[in-house]
Amino acid sequence: MSKSLLISNGAYEPKQVEDKIYKLWEDSGFFNPDKLPKRHKKPYTIVIPPPNVTGELHIGHALNATIQDILIRQKRMQGYKTLWLPGTDHAGIATQNVVEKKLIKEGKSRFDLGREKFIEEVLRWKEEKGNIILTQFKKLGSSCDWSRTRFTMDKNYEEAVKEAFLQYHKKGWIYQGKRVVNWCKRCATSLSDLELEYAEEKGKLWHIKYPVKGGGSIIVATTRPETMLGDTAVAVNPKDERYKKLIGKVAILPLVNREIQIIADESVDKDFGTGAVKVTPAHDLNDYQIGQKHKLESIQVINEMGKIMGEVLSGYQGLKVLEAREKIVSELKSQNFLEKEEDYTHQVPKCYRCNTTIELIPSLQWFLKMDKLAKLAENPVKSGKIKFHPKSFQKPYLDWLKNVKDWCISRQIWWGHKIPIEGEESVLDTWFSSALWPFAAMGWPDKNASDLKNFYPTNVLSTARDIVNQWVARMIFSGLEFTKKIPFEDVYIHATVLTREGQRMSKSLGTGIDPLKFVDEFGADATRFGIAFQIMGNQDMKFVTDNILMGKKFCNKIWNASRFVLGQIDSKMIEIKKPTGKLSLVDKKILKSLEKTIKSVNRDLNLFKFGKACHALYDFFWHDFCDKYIEESKKQNNQLPAQAEKTKNILTYVLLNSLILLHPFMPFITEEIYQQIPIKNLPAGRHGKKECIMIEEWPN
RNA sequence: GGACGAUUAGCUCAAUGGCAGAGCAUCUGCUUUACACGCAGAGGGUUGCAGGUUCGAGUCCUGCAUCGUCCACCA
């Protein structure tokens, strides 16, 4: 039945092959390293970067899945005991938002349900939708060990998170404190610096006159006049000649009539604005530091809803920030405190999950001290134990660590790991748990967990560059802190996939493209090959369908070349031998070309040069094998019987080797054809018998 | 403000300092028994701009322009 498919169909039909072949692989058990034949000894591990459960697959995921599957399949064929461990991340804020949106449609808020019911709702949603992304990976042919699938909210994983928190706590690296933090009023939670996105906004720079006690005045410039309700000082640069005589005097806060100090601080830039800055320790990071240094009072005037609080000035309480801004500007104007109003474009921080403008407010939060951990993350990269590919990502990584602030690890949402302390309602930043992934997914903190013993540390991490600091750095220091081992050796940062127009692919922009559309139209192999073909080492990759079309045509070429070769040997069982003895010029040429291709593909894959390997395979198979050797072989067939036999052997030998080399890139079609070659005996395999091309021996 | 990357055919991309190529698209001719998802061919380029080094520059150096990304952020 299946044999006739190859012999009779002149066009490759992926739909008739893919599900069948994926089932064959799953039935074989070879995705699971414990079930690989005994000859697979040395472990090789990739842990899948846990895609967040709200995620829908876009080309970027397909790119990463393809890269990892190429690596893991090649290593499996090389005889490694390969584990590709899949899983998903609970993605606290993102998931909570999705479920909240769903509730809003039903006319409810999460507060109507209460915490427990709400979490049940999230779990229900996760059961229903959370694994979609993993089935999408299967469609692409990813050879993950699904029996080991992990989720960051599993019971065991939860234990790991708790243990990590307690160990940090024991060392005194976790502290609770009231700090000015990034606050998203929509999500009602604190955010770390890495969770902000900046958007350029046109605003104004207002110059406001603050009278000085005893005569005169000082003019400050600000983009946020409403925060003046919380001003507790005016600061100037100590070297600024214009203001030297005012240092130490007292200014009167307009409208509020509070007396505030005029102080000197190095951090003030003489050349910006008027060179004098109003200091609001409660609502600005830099002002907070100035406030600490000069022991200034901190007056909070904006609450967690983004509204004015307190009775600093009557008529303001309960106003939204922007309303207060408008009102205060008009009052300053009418009372002649406004000196100047100029247009000013600046970067405004936004929540990376819901795009709401971030407020800076003082809040009681949990922090993880970063000084020692940053060093831990630095060392292995500096010493070369962990290598970035491309290398250029090393510098920004180290720069970030050099200046990193303590990590605010608490979030005021409901979906996440509760901070393990009595009475605590906050949950941990999702990245706190993601940081433990390589070892927690393998059973840590149980030191006797067999996966942890056998497969940790892992070999390669492949990920996107926008989470190098957010995730990679944190995995490295967590790994070293808790297991004393680096969690992986190679960090491969893949290209960011852009649209043809050069736009980022994202759901919110409506620019995301679902790769399954291409799997459906062109086949999984064509999609993978088309994507891999384009990986040329650039940091961006404009996605075009052309290459996938090429992949489809290439599949067809492979299919038909195989039909031709198998047609030559009829259906009798054959032995495929390494060609020896007297060979013709064309014979020698194709064999030499095969050797060259094997060498270059091996070299390129070792260097993560996937596109180059694809080009070499494409050129070899199409131009050298099909255009030249197969055409030439048609003539040789008319010659002496002995020569014809030799030619048939070379045809099958080169075809088999080509299929093996192509398998990591195009797993389905190569497996399908391999299954149909009537092989009696294999030349290369250490095992000597035919099973799956997936575990066939890789040529070196 | 700092760092990095990109700029080559209509599009997406290649090219250890040595004759600028591929895929897609376009055009011409082929129903040649593996493949029309194919075969044989053709057209299409002042390699972003201006200098410099060199016998020789797409490639190295300097400056500029445009685009992109990350980091920091000035109130």
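Note: hydrogens, waters and symmetry copies are ignored here, and every other heavy atom, side chains too, is used. Sequence lines set the chain letters: A, B, ... in the order given, protein chains first and strands last, and positions in each chain run from 1.
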Is the backbone N or O of [Y] less than 3.5 Å from a side-chain atom of [X], with the two atoms forming a donor-acceptor pair by type?
X	Y	result
R224(A)	V321(A)	no
N538(A)	D540(A)	no
H207(A)	I219(A)	no
W471(A)	S434(A)	yes
D231(A)	K278(A)	no

Can you tell me how far [atom2] of [N] sits from [atom1] of [X], to the nearest Å?
X	N	atom1	atom2	answer
Q394(A)	G5(B)	CD	C1'	17 Å
D619(A)	A15(B)	CG	C1'	13 Å
I531(A)	C13(B)	CD1	C1'	16 Å
Y397(A)	G2(B)	OH	P	26 Å

Parallel, tilted or perpendicular: which describes the rings of [X] and [Y], with under 30° parallel and over 60° perpendicular?
X	Y	result
Y629(A)	F625(A)	parallel
F554(A)	Y618(A)	tilted
Y397(A)	F388(A)	tilted

For atom [atom1], what is the distance between [N] and [M], given to the nearest Å?
N	M	atom1	result
G10(B)	A3(B)	C1'	35 Å
U26(B)	A6(B)	C1'	28 Å
U12(B)	A65(B)	C1'	24 Å
C71(B)	A57(B)	P	40 Å
C39(B)	C35(B)	C1'	10 Å
A36(B)	G44(B)	P	31 Å
G38(B)	C24(B)	P	7 Å
U46(B)	G41(B)	P	26 Å

Open item on the list: Just to verify, which of D546(A), L63(A), V544(A) counts as forming a side-chain contact (heavy atoms from CB on, under 4.5 Å) with Q534(A)?
Closed with: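 Looking at D546(A), L63(A), V544(A), the match for Q534(A) under the side-chain contact (heavy atoms from CB on, under 4.5 Å) is V544(A).
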TODO: Report the residue from L285(A), D265(A), T280(A), D284(A) that forms a side-chain contact (heavy atoms from CB on, under 4.5 Å) with I290(A).
DONE: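 By the side-chain contact (heavy atoms from CB on, under 4.5 Å) criterion, I290(A) pairs with just one of L285(A), D265(A), T280(A), D284(A): D265(A).
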TODO: Validate the cation-pi geometry between K634(A) and F564(A): distance from NZ or CZ to the six-membered ring centre under 6.0 Å, angle to the ring axis within 45°.
DONE: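 Yes, K634(A) lies over the aromatic ring of F564(A).
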Task: Cationic tip of R325(A) above W206(A) ring, under 6.0 Å, 45° of axis - done: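 Judged by the rule, R325(A) and W206(A) form no cation-pi pair.
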Task: Residue mapping more 5' on RNA chain B - nearest nucleotide basis, N547(A) or Y618(A) - done: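 The 5'-side residue here is N547(A).
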- [ ] For atom NZ of K387(A), decide whether the heavy atoms of other residues, nucleotides or ligands shown that lie under 6.0 angstrom number more than 12.
- [x]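 Enclosed: over 12 neighbouring heavy atoms sit under 6.0 Å from NZ of K387(A).
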Task: Pair K350(A), T357(A): side-chain N/O donor-acceptor within cut-off below 3.5 Å - done: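 The criterion, which ignores hydrogens and geometry beyond distance, is satisfied for T357(A) and K350(A).
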Task: Secondary structure of RNA chain B in dot-bracket form (Watson-Crick or G-U wobble, distances below 3.5 Å, | marking inter-strand pairs) - done: (((((((..((((....[..)))).(((((.......))))).....(((((..]....))))))))))))....
- [ ] Kindly compute the distance separating OG (S600(A)) from NE2 (H615(A)), expressed to the nearest 0.5 Å.
- [x]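 Taking OG in S600(A) and NE2 in H615(A), the distance rounds to 12.0 Å.
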Open item on the list: Heavy atoms within less than 4.0 Å of RNA chain B: which residues of residues 229-242 of chain A have one? Give them sorted by number.
Closed with: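 Within residues 229-242 of chain A, no residue comes under 4.0 Å of RNA chain B.
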Open item on the list: Mind checking if K612(A) touches a base, just sugar-phosphate, or nothing, with heavy atoms under 4.0 Å?
Closed with: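 No contact.
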Open item on the list: One character per nucleotide, please: for nucleotides 32-37 of chain B, 5' to 3', B when the base has a protein heavy atom closer than 4.0 Å, S when only the sugar-phosphate does, - otherwise.
Closed with: --BB-B
TODO: Heavy atoms under 4.0 Å is the rule here; annotate nucleotides 67-75 of chain B 5' to 3' with B where the base is hit, S where only the sugar-phosphate is, and - elsewhere.
DONE: -BS-S-BBB
Task: Audit row: F522(A), Y12(A), ring-ring contact (aromatic ring centres under 6.0 Å, His included) steps and yes/no - done: CA-CA 10 Å; F522(A) 302 99; Y12(A) 172 59; over 10 Å; no
N/O-N/O pairs, protein side and nucleotides 6-10 of chain B side, under 3.5 Å:
none

- [ ] Using salt bridge (charged side-chain N to carboxylate O under 4.0 Å, His left out) as the criterion, list what pairs up with D619(A), not counting sequence neighbours.
- [x]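 So D619(A) forms no salt bridge (charged side-chain N to carboxylate O under 4.0 Å, His left out) with any residue.
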